[in-house]
Amino acid sequence: MPTLAPETTATASEDKSDLRVRRMFASIARRYDLLNHLLSLNIDRSWRTFTTRTVPPQAGVPVLDCCTGTADLALAYDRAANGRSQVVGTDFCREMLLVGGRKVEKAAASGRVTLIEGDTQRLPVPSDTFGVVSVAFGLRNVRDTVAGVDEMIRAARPGGKVAILEFSKPRGRLLGPLYLAFFRKVLPRIGQAVAPNADDAYNYLPRTVLEFPDGQALLDLLGSRGLVDLEMHPLTFGVATLYVGTKPVRGADAGGA
């Protein structure tokens, strides 16, 4: 796959306007978790666990989860931190955060996990603060991918990690075509049956996955924005991939490390 240069930001043909995406996720918020687990055969839980183990939190250093949705990855980081790190989750869809807030309360994590309404393109958090800045299955929904990545990097402290868990496209001769057929034909019908909505949410999902840069293209994009020590971990035959980069330590930061 060709390298994605910084100037070719993910300006896809799919309509990812802020209003459309916010309205769409609001319409499926109550059934979002059920559909995620159903459509991934519950494998999405193991992907999040892999993320927290591969990019673990440091005791006393806060974690930021962007596009947190219903807070699944934020809560996974809270469990991984054993209550020793504050976790902040941000999302611009209030209805998703309301569902996430109930899950935080149920997990008795209200004192450790804070959910904030905010756009990943303009994160309402201070710079150079978080030891881990993560996003799970949300970056492809951000209208300006580069702006979202830059904001995640801004929020990370020098030496901190940026972790992006996202759907990707299997390349296998057999699995690739089967996966694409399922994504294009079967998934939208299941989604619409379980969570009917007027915004074509489950046709939107496969279209954004197919249009979004993955594999080396996304890794190259992260490198072009300044992250170093880049890693890529394909999961479940490449259905999802975890991308990891480190914010460089420079100048006075290096001297105080």
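Position 1 is the first residue of the sequence, and the numbers go up from there.
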Exercise. Could you tell me whether the side chain of Asp65 reaches within less than 4.5 Å of the side chain of Phe130, counting heavy atoms only?
Key: no

Query raised in the report: Same hydrophobic cluster for Val162 and Val61, using side-chain heavy-atom links shorter than 4.5 Å among ILVMFWY?
Result: no

* To do: Answer whether the closest heavy-atom distance between the side chains of Leu219 and Gln216 falls below 4.5 Å.
  => yes

Q: Determine whether Thr208 and Phe167 make a side-chain contact, defined as any pair of heavy atoms from C-beta on separated by less than 4.5 Å.
A: no

| said: Salt bridge or not between Asp72 and Lys103? Use side-chain N to carboxylate O under 4.0 Å. | reply: yes

Treating Ile, Leu, Val, Met, Phe, Trp and Tyr as nodes and any side-chain heavy-atom pair under 4.5 angstrom as an edge, say whether Val99 and Met96 lie in one connected cluster. no

Inset, instruction - Flag the pair Val135 / Thr120 as yes when at least one side-chain heavy-atom distance between them is below 4.5 Å, and no otherwise. - result: no

Exactly one of Asp229, Val133, Asp128 clears side-chain contact (heavy atoms from CB on, under 4.5 Å) with Lys247, and that residue is Asp128

dist Arg112:CZ -> Asp78:CG (nearest 0.5 Å) comes out at 4.0 Å

Checklist line | 4.5 Å side-chain heavy-atom contact, Pro62 and Val88 | finding: no

Quiz item: Got Leu230 and Leu222 here, is their nearest side-chain heavy-atom distance under 4.5 Å?
Solution: yes

Notebook entry, point to check: Does the pair Phe137 and Leu73 meet the rule for a side chain to side chain contact (heavy atoms under 4.5 Å, CB included), with working shown?
Noted result: CA-CA 10 Å; Phe137 312 115; Leu73 187 55; over 6 Å; no

| said: Tell me whether Glu151 is salt-bridged to Arg154, with the criterion being a basic N under 4.0 Å from an acidic carboxylate O. | reply: yes

Report task. Determine, step by step, whether Cys66 and Leu123 satisfy the side chain to side chain contact (heavy atoms under 4.5 Å, CB included) criterion, reporting the C-alpha distance in whole Å, the side-chain angles of both residues, the deciding distance to 0.1 Å, and the verdict. Result -> CA-CA 8 Å; Cys66 306; Leu123 287 169; 3.9 Å; yes

Check: Less than 4.5 Å apart, any side-chain heavy atom of Leu115 and any of Asp91?
Finding: no

Same hydrophobic cluster for Val244 and Val228, using side-chain heavy-atom links shorter than 4.5 Å among ILVMFWY? no

* To do: Identify whether Tyr32 and Leu98 are in the same connected component of the hydrophobic contact network (ILVMFWY, side-chain heavy atoms under 4.5 Å).
  => no

In terms of heavy-atom contacts, Glu117 and Pro124 come closest through O-CG, 4.2 Å

Would you indicate whether the side-chain heavy atoms of Arg157 and Thr129 approach each other to under 4.5 Å? no

All heavy atoms of Thr145 vs all of Phe212, minimum pair found to be OG1-CE1, 3.5 Å

In Ile43, Asp44, Thr241, the residue satisfying side-chain contact (heavy atoms from CB on, under 4.5 Å) with Thr236 is Ile43

Rounding to 0.5 Å, atoms CD (Glu166) and SG (Cys67) come to a distance of 9.0 Å

Note to self: Please determine whether side chain to side chain contact (heavy atoms under 4.5 Å, CB included) holds for the pair Asn141 and Phe25, giving the CA-CA distance in whole Å, both sets of side-chain angles, and the decisive distance to 0.1 Å.
What the structure shows: CA-CA 10 Å; Asn141 299 316; Phe25 279 99; 3.5 Å; yes

When every non-hydrogen atom of Tyr77 is compared with those of Thr51, the smallest separation belongs to OH-O, 3.6 Å

